[in-house]
Number of protein chains: 2
Amino acid sequence: MTRPTEHEVLAAVLQIRADSLQVLAWQRALPPDSGRWALPGGRLGDDEDVERSVRRQLAEKVDVREVTHVEQISVFSHPDRVPGPRLIATAFLGLVPSDSDPAVPADTAWHPLTALPPTAFDHAAIVEAAHDRLRAKLSYTNLGFALAPREFTISALRDLYAAALGHPVSATNLQRVLTRRGLLEPTGEVSPPGPAGGRPAALFRFTDRTLRVTDAFAVLRPPSEQLRGAVP
Amino acid sequence: MTRPTEHEVLAAVLQIRADSLQVLAWQRALPPDSGRWALPGGRLGDDEDVERSVRRQLAEKVDVREVTHVEQISVFSHPDRVPGPRLIATAFLGLVPSDSDPAVPADTAWHPLTALPPTAFDHAAIVEAAHDRLRAKLSYTNLGFALAPREFTISALRDLYAAALGHPVSATNLQRVLTRRGLLEPTGEVSPPGPAGGRPAALFRFTDRTLRVTDAFAVLRPPSEQLRGAVP
DNA sequence: GCAAAAGTGTTCCTCGTACACCCATGG
DNA sequence: CCATGGGTGTACGAGGAACACTTTTGC
């Protein structure tokens, strides 16, 4: 009675490379949409939920240990989103730190979001949704940890944020905001200046490398606790 | 080779009734989980995507015209989330204004989130996720329009927000915040005071009855546009 | 010394919160 | 005229943005 339905997972894996936000894709060799670029993913296995599945599938493209964050975006379920048997996709955002350069298969490459080659099916919409999610979460969570190397200078971090957000970011204020929120801590080390000279930059790391919401309820927050046992 | 998989949609439909946030559920008559309360929903049809499907399925429980907002929450896909053939669920949040009292089937009733009877399968987790989403969006979008009647007094609106957020809300500040953001406009009418007297309350409405983000990028926002053509 | 890059101090301003005070109605 | 609920004015503070200024390096 009902048309048979398969379920797949797809991931927009983003990384900042050469000061540009890029996405991992592979070029389809076979129809449909041969020659176009597709997101990594595949059929959901019998014994896994979608989160497990997307991590398994990514392992076939890149070393999963390099993927620092994975989160569900939304379901793409238009009946004709792909030709042939019906296929419903759960889309994910994946993030890789800027200093890792995982080996990828021959048909797979990174592409800047601003110059995406023709994409297969509805994958362009998935990339856009992932980008939107990333931009939003950078501003109210500590998600920067997933794009940044273990240790970094503030100006390197500024470049990462600027590339991901798509607008200039002030190193001064970025440091102050993240420090005030307790997200950054100095390592004590410094990084030597480049050939042009300049003061050596202090190195920092994120205090926490799991997702934390740092600016929830900017407004309409609960009344101040005053003298009750404050929960920090 | 792969186990056959069905796809369903489920909705946590929330409404403020009697100053309490309640969810619509129906009591299962048959196993599995008979006697337990389940969220409205059902199998995805061949010619519809998940958004269309959830609206269609809700129409069987309540008059859809009463549902002012529907949004996707997330996918629930644990292999054993229900007994029998594998069933993947896309979960939704639905909202109904506090002044509508849609007719519902005999097996269906509203339950306060704080006193939820035993629920079927993983539906309790879906309700919790929907509640979290509602709380978050109330603070940075105009989503209040979906819970409120067409016209309302500020103190009625305060009660709605307090019930949804789970903490007291100041009418003074609520009005100021929503007005500053341009979300409220006075109708010019007033509502007569109750038997205890008091000044008649002015009536307001939301200027916009579709979802709008009003507080994006609380931090790390783009540099100020200065004298360029400002986009209001 | 000078240019370049990093880091700090200071000011301004927006905006949410808290709270005192004024307003309009019923009894 | 007083209790009750509605509405306004104001002061405070948190925190982000902008920018001037200082520090440390290479040449």
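In what follows, chains are A, B, ... by sequence order, proteins preceding strands, each numbered from 1.
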Arg52(A) CZ: over 12 foreign heavy atoms closer than 6.0 Å: no

task: Assess whether atom CZ of Arg150(A) is packed by more than 12 heavy atoms of other residues, nucleotides or ligands within 6.0 Å.
output: no

- prompt: Does a sphere of radius 6.0 Å around CD in Glu128(B) hold more than 12 heavy atoms from other residues, nucleotides or ligands, not counting ones at 6.0 Å or beyond?
  reply: no

task: Assert yes or no for the condition that the ring centre distance of Phe152(A) to Phe206(A) is strictly below 6.0 Å.
output: yes

field: Donor-acceptor pair between Arg181(A) and Thr214(A) side chains, under 3.5 angstrom
entry: yes

- request: Would you indicate what Ala202(A) reaches in the nucleic acid, counting non-hydrogen atoms under 4.0 angstrom: base, sugar-phosphate, or nothing?
  value: sugar-phosphate

statement: Rounded to whole Å, the CG-C1' distance (Leu165(A) to dG16(D)) equals 15 Å

statement: In whole angstroms, the gap separating C1' of dT17(C) from CG of Leu178(B) amounts to 14 Å

- prompt: Taking atom P of dG16(D) as reference, at what distance in whole Å does atom CG of Leu138(A) sit?
  reply: 15 Å

message: Return a single string for nucleotides 22-27 of chain C, one symbol per nucleotide in 5' to 3' order, where B is base contact, S is sugar-phosphate-only contact and - is none, cutoff 4.0 angstrom on heavy atoms.
response: -BBBSS

task: Among dG16(D), dC19(C), dG6(D), find the nucleotide with the atom closest to the side chain of Arg176(B).
output: dC19(C)

- prompt: For the pair made of CG in Leu183(A) and P in dG16(D), what is the distance, rounded to whole Å?
  reply: 11 Å

Under 3.5 Å, side-chain donor or acceptor atoms of residues 14-25 of chain B against the rest of the protein: list the pairs with distances, not counting sequence neighbours.
{"unit_1": "Gln15(B)", "atom_1": "OE1", "unit_2": "Arg17(B)", "atom_2": "NE", "d": "2.8"}
{"unit_1": "Gln15(B)", "atom_1": "NE2", "unit_2": "Pro97(B)", "atom_2": "O", "d": "2.8"}
{"unit_1": "Gln15(B)", "atom_1": "NE2", "unit_2": "Ser100(B)", "atom_2": "O", "d": "2.6"}
{"unit_1": "Arg17(B)", "atom_1": "NH2", "unit_2": "Asp101(B)", "atom_2": "OD1", "d": "2.5"}
{"unit_1": "Gln22(B)", "atom_1": "NE2", "unit_2": "Arg17(B)", "atom_2": "O", "d": "3.4"}

- prompt: In terms of the nearest nucleotide of DNA chain C, which residue is placed more toward the 5' end: Arg181(B) or Leu203(A)?
  reply: Leu203(A)

query: Of the nucleotides dG9(C), dT17(C), dG16(D), which has the atom closest to the Val219(B) side chain?
result: dG16(D)

- request: Rounded off to whole Å, could you give me the CD-to-C1' distance for the Gln175(B) and dC15(C) pair?
  value: 16 Å

message: Can you work out whether Asn173(B) or Arg158(B) has the more 5'-proximal nearest nucleotide on DNA chain D?
response: Arg158(B)

statement: With the side chain defined as heavy atoms from C-beta on, Ser155(B) is closest, among dT8(C), dG16(C), dG6(D), to dG6(D)

query: Rounding to a whole Å, what distance do you find between Phe152(B):CZ and dG6(D):P?
result: 14 Å

For residues 104-127 of chain B, which side-chain donor-acceptor pairs fall under 3.5 Å, sequence neighbours excluded?
{"unit_1": "Asp122(B)", "atom_1": "OD1", "unit_2": "Arg81(B)", "atom_2": "NH2", "d": "3.0"}
{"unit_1": "Asp122(B)", "atom_1": "OD2", "unit_2": "Arg81(B)", "atom_2": "NE", "d": "2.7"}
{"unit_1": "His123(B)", "atom_1": "ND1", "unit_2": "Leu39(B)", "atom_2": "N", "d": "3.0"}

- request: Please state how far atom CG in Asp159(A) lies from atom P in dA5(C), giving the value in whole angstrom units.
  value: 12 Å

- prompt: Starting at CG of Leu174(A) and ending at C1' of dG15(D), how long is that distance when rounded to a whole Å?
  reply: 15 Å

query: Does the base of dT17(C) carry an N or O that pairs as donor and acceptor with the side chain of Ser170(B) under 3.5 Å?
result: no

message: Need one value for Arg180(B): base, sugar-phosphate or nothing, where a base atom within 4.0 Å counts as base even if backbone is also close, heavy atoms only.
response: base

